[in-house]
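One structure below.
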There are 2 protein chains.
Amino acid sequence: MGADNIRKMTLTKDILKQLNLFSEPELRQKLLEHCLLKSFEKDDVIVRQGQYIKVVPIVISGTIRVFQTKEDREILLYYVQPNQTCMMSLSACFYNNESPSQAIAMEKTQVLVVPTRFIAQWQKEYASWNNFVIKTFRNRYDELLHTFESVAFDHVDKRVLEYLQDRASIEAINRIEISHQQLANELGTTRVVISRILKQFELEGKVILHRKMIEII
Amino acid sequence: MGADNIRKMTLTKDILKQLNLFSEPELRQKLLEHCLLKSFEKDDVIVRQGQYIKVVPIVISGTIRVFQTKEDREILLYYVQPNQTCMMSLSACFYNNESPSQAIAMEKTQVLVVPTRFIAQWQKEYASWNNFVIKTFRNRYDELLHTFESVAFDHVDKRVLEYLQDRASIEAINRIEISHQQLANELGTTRVVISRILKQFELEGKVILHRKMIEII
DNA sequence: TCAAAACGGTATCAAAAGATACCGAAGTGG
DNA sequence: CCACTTCGGTATCTTTTGATACCGTTTTGA
């Protein structure tokens with residue numbers, strides 16, 4: 001939320017309706033009173049590594065990519081879709097510290113900006129809010145555990161194939177628009193390794209390689 | 001909780017006092033009514049990979065090691081100390097599924113066994129319980145994120161040194177009793193790699209190697 | 001006591017990944 | 001249109017880690 005080019009917009013009931021998360025009318029009223037609607041353009045920085053976080057962004061539309069970097073290496077943690085929020089924001093509500101991760105908008109993205117001071121309080125008062133908090137913690141932990149396990153135990157080629165298949169499955173497509181460098185950034189390795197592996201896959205008849213696009217057979 | 005050699009013992013107020021987690025007298029009364037005290041010997045299996053979990057074990061004394069395995073490889077997730085619980089138990093309360101991890105007692109260990117059906121309910125009713133749940137989620141996530149980052153970005157030798165230094169620091173000792181194979185199991189690699197790295201450290205004057213013990217200089 | 005198991009050191013070889021460099025093709029934007 | 005950037009293929013070499021084997025020493029437990 002340190003990005004200078006944030007657009008604050010009017011939060012209305014209609015916009016809030018796009019979130020199918022919170023059922024209590026009283027809570028929805030409080031969201032209208034205390035929260036903002038913000039809009040980001042593609043590639044806008046939402047959270048920087050090391051940044052102190054004062055708000056929890058719940059995605060209404062669009063996608064946020066959360067990742068770790070070290071020197072010139074980068075690895076995906078997760079994507080934040082509509083009706084979701086990011087872990088470092090939620091974490092910061094209960095013990096404010098610096099974000100270990102970065103968050104960037106992948107496309108034009110609208111978020112509901114919730115001040116952190118309400119999170120713990122609303123958790124006690126509203127079941128749907130508590131449910132959201134717990135589900136976020138739980139799902140993000142499971143997801144990270146899965147990623148951790150494959151980084152720890154699997155070779156990169158297996159992880160590449162799994163990534164492509166997951167993505168094809170989720171998006172119900174077989175033509176994945178991604179460059180080799182982007183794929184390297186998702187998996188925490190280098191572009192050359194990815195190119196090498198993908199070429200091997202092409203020779204094995206698993207994929208057809210296009211420029212910035214990979215077709216799964 | 002599938003281990004056949006569990007010893008059920010009497011849960012008394014005095015034993016419950018060893019936990020400095022829960023402040024409400026009403027909650028402490030409910031813990032006395034609904035929970036059990038169980039005891040494990042060193043090397044007892046507390047949770048198996050793939051097992052469905054019906055209880056949340058809160059450690060009163062002793063230590064539990066939680067880890068992931070794949071084929072004959074193994075990597076530490078975390079240790080559960082007194083006043084703590086494990087993540088797959090807590091996770092199972094909100095959506096029961098198979099444990100992705102294994103848990104083993106590292107020494108004689110006593111745990112408070114809380115049936116999962118009370119977790120979500122008590123979370124709404126007792127602030128200290130909610131605090132425990134949230135803190136567990138948060139701390140375990142942060143911890144896993146840190147481990148993930150070093151597995152993803154650091155070489156094994158760096159991770160070895162960091163492990164040894166962390167352990168020396170936490171235990172306020174400089175003689176760490178661990179075999180090369182155990183260290184390999186903590187870090188998800190092989191014994192030979194560990195031996196090689198440690199030998200290099202010895203040549204560099206960072207450690208002195210003993211049998212089943214490493215002395216940090 | 002002694003056989004077996006565990007431990008750790010070392011060697012050899014292989015596989016995986018990284019680092020660097022170069023190049024031709026495609027895309028971008030002034 | 002054209003200079004520049006991006007993309008991806010490939011080569012070469014290096015580093016890191018893994019796999020396997022062997023061995024001498026120490027520990028364990030019957």
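Basis for what follows: all heavy atoms, side chains included, without hydrogens, waters or symmetry-related copies. All figures in this text were calculated on a predicted structure; none of them were measured in a lab. Below, chain A is the first sequence line, B the second, and so on; all start at residue 1.
In this structure the side chain of A:Leu198 reaches within 4.5 angstrom of the side chain of A:Leu183, judged on heavy atoms. A heavy-atom distance below 4.5 Å is found between the side chains of B:Phe153 and A:Gln68.
For the pair B:Glu177 CD and D:dT27 P, the computed distance is 13 Å after rounding to whole Å. If you measure from atom CD1 of A:Ile194 to atom C1' of C:dA19, you get 15 Å, rounded to the nearest angstrom. Per the geometry, CG belonging to A:Leu187 stands 11 Å off P belonging to C:dA17, to the nearest Å. Following rounding to the nearest Å, A:Arg159 (CZ) and C:dA16 (C1') show an atom-to-atom distance of 13 Å. Look at CD on A:Gln200: it is 15 Å from C1' on C:dA17, rounded to the nearest Å. With rounding to whole Å, A:Lys158 atom NZ is found 18 Å from C:dA17 atom C1'.
Here B:Lys135 pairs with nothing under the salt bridge (Lys or Arg N to Asp or Glu O under 4.0 Å) rule; sequence neighbours left out. Listed by chain and residue number, A:Arg167 satisfy the salt bridge (Lys or Arg N to Asp or Glu O under 4.0 Å) test with A:Glu171 (two or more places apart in sequence, or in another chain).
Between A:His34 and A:Phe118, the ring-plane angle classifies as tilted under the 30° and 60° cut-offs. In this structure, A:Phe148 and B:Phe148 have tilted ring planes: the angle between them lies in the 30° to 60° band.
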With the sugar-phosphate defined as primed atoms, P, OP1 and OP2, and the base as all remaining atoms, what B/S/- string results for nucleotides 8-17 of chain D, 5' to 3', for protein heavy atoms under 4.0 Å?
BBBBB---SB
